[in-house]
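See structure below.
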Amino acid sequence: MPKWSLRRRPGRTLGLLLLLVLSFLVLRRLNWSTLVPLWLQRQRLGLRTKGPDFILEDSTFQILGGSIHYFRVPREYWRDRLLKLKACGLNTLTTYVPWNLHEPERGKFDFSGNLDLEAFIQLAAKIGLWVILRPGPYICSEIDLGGLPSWLLQDPDMKLRTTYHGFTKAVDLYFDHLMSRVVPLQYKHGGPIIAVQVENEYGSYNKDRAYMPYIKKALEDRGIVEMLLTSDNKDGLEKGVVDGVLATINLQSKQELMALNTVLLSIQGIQPKMVMEYWTGWFDSWGGSHNILDSAEVLQTVSAIIKDGSSINLYMFHGGTNFGFINGAMHFNDYKADVTSYDYDAILTEAGDYTAKYTKLRELFGTVSGIPLPPPPELTAKMVYEPISPALYLSLWDAIQYMDKPVTSETPINMENLPVNNGNGQAFGYVLYETTIFSSGVLSGLVRDRGQVFLNRVSIGFLDYKTTKITIPLTQGYTILRILVENRGRVNYGNNIDSQRKGLIGNLYLNNKALKNFKIYSLDMTKQFLQRFDMDNWSVIPKELTFPAFFLGALSVGIYPSDTFLKLEGWVKGVVFVNGHNLGRYWNVGPQETLYLPGVWLDKGINKVIIFEETMSGSMVQSTDIPHLGRNQYIN
């Protein structure tokens, strides 16, 4: 029997050598250094605490972070915004993860395109940034229902942000999927994630003492091994602490810094201090003024935080845009919906441009780091295009024949419980309710959030939080009563999130008698919804217009599509779509006066523009290279 030896098998030796050479070439071709940067390849120890300091590997580490939300920035601009964050002297990216966008239907997950969380985190790593992930499940973030899916509200007994079984069952299934994507991106697995936040500002909600330990365990059971953090403002810091989790604070002033650090010391002793959210500005609400925080004040407060020995995260570094209908709302005394722009008066503008805050903070952080900073990227190009003059028109009343068959119901059904979207209800947009009446009188009911009332095709007024009754004029015989209800945004912060169902809530009454037999149309205004309208459905704009209505126009773009802002003077309230992208809502009550249109969503040549207007149209839509938010954001 022959003996196997390399000496006696020269052919086998040659084969092994060739295999080794081929393997080496394949590995070289894969270019692992681009997949795992060198600075990530030598990781063994995670972020730790040692007395008042953070320690990363064997060195003291000060977190200098900035918040950018991938879901509010076109994917094509992620790199630009992250490079600007790095060039400002920051070393860490923080981002929320919006459950409602990633799981629009139960068990149906979307991490594609602009929602590709893994690609965003990996891009941050390649640029040389660490990551603090804030996966919720509740995130606040001025996003609809604080990032919780609206289908949770189909359960009439739902208790959000508690250990109520209906909620934890949904969280468990979501975390099963989400954490399978996140775990490999952790520091100890060679990724950039150095810390993970447990929920968000729960101390100010605090309805269930078992809830935060449940979320902590849910993260750990699914493989989260990095440092865990909580984040609370002055209203909830003392109640938001969890055993084994480092508490951090959210604030905007030097006075709050001193007070909250005193509370932190009493709660957890000598530990590293971190301002998880230093609010660099603030969000805007429809009908209010544009919020501005002076750059000199920002510099003073950030300097004080750094001098205090604290780590810091700038919320927001770059706010971006509430594209589509994702904006949230506040409802304490009055209901106030957030505007489309999430400019936030942040370090970068909504379109990613530099501000005085950027210049001042870059100088400060450059001094702190003691090393030369990379040069800031050039600004993205802006363009003023020719005005858009809509040429075609489609009344809503004519459009409904091209929509899906209406839901028929004896009584009104709220948006979340409509039998649409594979049983998951409707999350965003409008709902049209129709029934018949045979008399005049007083119409009353709970409308959430704003309902335009029509007799046949004639508008007679609005119902909302403040106006709960409207007089129906004398009618002759058979009349169609229609109510177009808009979900203007579910509350994202406060104790009333369980009651954020939209549409008609309960019965609609005429002279205190409940109306029956409704047709209900789901107008979610998605890309698929708009695709129902063929070119043959549109007509030339008539002299006498009937509203609400869709308008179709064209935006002509040259060989280099660039960012612009659309200004809708003469238009009142509605939504704009460009090439199927929902730019968001406009409303002439302000403060926002323009809609951001990213150049990466434009094509060379003709671009399709659709405007849904509720009450009155202008003659054109103008393009400008300067945003208008009530007051020019560049003054600071």
Side-chain angles (χ1 to χ4, degrees), residues 36-67 86 89-95 121-122 124-125 128-135 179 182-200 202 212-213 215-232 237 240-250 257 260-261 263-278 305-315 365 368-371:
V36 182
L38 287 173
W39 62 286
L40 291 177
Q41 294 175 18
R42 295 184 287 271
Q43 298 171 189
R44 292 181 178 84
L45 303 173
L47 185 68
R48 294 165 292 144
T49 66
K50 185 177 181 181
D53 298 319
F54 286 114
I55 304 294
L56 192 60
E57 290 304 318
D58 297 319
S59 302
T60 301
F61 181 68
Q62 184 175 29
I63 298 168
L64 302 176
S67 290
K86 178 78 172 177
L90 302 178
N91 57 31
T92 303
L93 165 72
T94 68
T95 188
I121 293 173
Q122 289 164 348
L129 295 166
W130 302 112
V131 175
I132 295 177
L133 195 68
R134 311 175 79 187
M179 296 310 152
V182 168
V183 164
L185 299 172
Q186 294 180 100
Y187 181 94
K188 292 175 184 175
H189 295 303
I193 297 175
I194 57 173
V196 176
Q197 185 174 300
V198 182
E199 237 261 356
N200 190 68
Y202 193 74
M212 286 293 277
I215 294 294
K216 175 178 181 284
K217 187 174 187 298
L219 293 170
E220 293 174 334
D221 287 350
R222 288 164 177 80
I224 296 300
V225 293
E226 304 302 337
M227 178 178 289
L228 296 178
L229 310 168
T230 58
S231 170
D232 282 285
L237 180 55
V241 177
V242 180
D243 288 342
V245 179
L246 184 70
T248 69
I249 54 180
N250 303 338
L257 176 67
L260 291 178
N261 274 338
V263 175
L264 269 183
L265 183 62
S266 67
I267 290 173
Q268 60 186 15
I270 298 177
Q271 294 279 0
K273 294 177 288 187
M274 179 168 184
V275 178
M276 177 58 76
E277 292 185 12
Y278 167 65
I305 293 170
I306 298 296
K307 186 177 180 181
D308 185 57
S310 292
S311 287
I312 186 173
N313 174 56
L314 303 174
Y315 189 98
F365 291 132
V368 171
S369 66
I371 58 175

Item to check | side chain to side chain contact (heavy atoms under 4.5 Å, CB included) between Leu185 and Gln122, intermediate numbers included | outcome: CA-CA 8 Å; Leu185 299 172; Gln122 289 164 348; 3.9 Å; yes
Pairwise distance [atom1]([X]) to [atom2]([Y]) - rounded to 0.5 angstrom:
| X | Y | atom1 | atom2 | answer |
| --- | --- | --- | --- | --- |
| Asn261 | Leu264 | CG | CG | 6.0 Å |
| Ile121 | Leu129 | CD1 | CG | 12.0 Å |
| Ser310 | Phe54 | OG | CZ | 9.0 Å |
| Thr92 | Gln62 | OG1 | CD | 10.0 Å |
| Leu47 | Ile55 | CG | CD1 | 9.0 Å |
| Lys50 | Thr60 | NZ | OG1 | 7.5 Å |

Any idea which heavy atoms bring [X] and [Y] closest together, and the distance?
| X | Y | answer |
| --- | --- | --- |
| Glu226 | Lys188 | OE2-N, 2.7 Å |
| Val242 | Met212 | CG2-CB, 3.5 Å |
| Leu246 | Gln268 | CD1-NE2, 3.5 Å |
| Ser67 | Tyr315 | OG-CD1, 3.5 Å |
| Gly46 | Leu56 | C-CD1, 4.2 Å |
| Met276 | Gln197 | CG-OE1, 3.6 Å |

Checklist entry - Relative to each other, are the rings of Tyr187 and Trp130 parallel, tilted or perpendicular (30° and 60° limits)? => result tilted
Next on the checklist: Is it the case that the side chains of Asn250 and Asp232 hold a donor-acceptor pair, with the cut-off being a distance below 3.5 Å and no angle test?
Outcome noted: no
Next on the checklist: Could you tell me if Asn313 and Thr94 have a donor-acceptor pair between their side chains, going purely by distance under 3.5 Å?
Outcome noted: yes
Next on the checklist: Under the rule for ring pair (Phe, Tyr, Trp, His ring centres under 6.0 Å), what residues qualify as partners of Tyr202, not counting sequence neighbours?
Outcome noted: Tyr205, Tyr211
Side-chain heavy atoms of [X] within contact of [Y], under 4.5 Å:
| X | Y | answer |
| --- | --- | --- |
| Thr248 | Val275 | no |
| Ile224 | Gln186 | yes |
| Leu229 | Val198 | no |
| Val182 | Pro135 | no |
| Thr230 | Val241 | no |
| Lys216 | Leu219 | no |

Item to check | Results of side chain to side chain contact (heavy atoms under 4.5 Å, CB included) for Arg222 - residues two or more places apart only | outcome: Asp172, Phe175, Asp176, Met179, Ala218
Next on the checklist: Just to verify, what does Asp58 make a side chain to side chain contact (heavy atoms under 4.5 Å, CB included) with, not counting sequence neighbours?
Outcome noted: Leu45, Arg48
Checklist outcome for this item: Exactly one of Ile63, Ile312, Leu314 clears side chain to side chain contact (heavy atoms under 4.5 Å, CB included) with Leu90, and that residue is Leu314
Next on the checklist: Glu220 vs Leu228, test: side chain to side chain contact (heavy atoms under 4.5 Å, CB included). Steps then yes/no.
Outcome noted: CA-CA 9 Å; Glu220 293 174 334; Leu228 296 178; 3.6 Å; yes
Checklist entry - Under the side chain to side chain contact (heavy atoms under 4.5 Å, CB included) criterion, do Glu277 and Asn200 qualify, and how do the steps go? => result CA-CA 11 Å; Glu277 292 185 12; Asn200 190 68; 4.1 Å; yes
Checklist entry - Should Ile194 and Ile132 be marked as a side chain to side chain contact (heavy atoms under 4.5 Å, CB included) after you check the CA-CA gap, both sets of side-chain angles, and the distance that decides it? => result CA-CA 6 Å; Ile194 57 173; Ile132 295 177; 4.2 Å; yes
Next on the checklist: How about CD1 on Ile270, more than 12 heavy atoms from neighbouring residues, nucleotides or ligands closer than 6.0 Å, or not?
Outcome noted: no
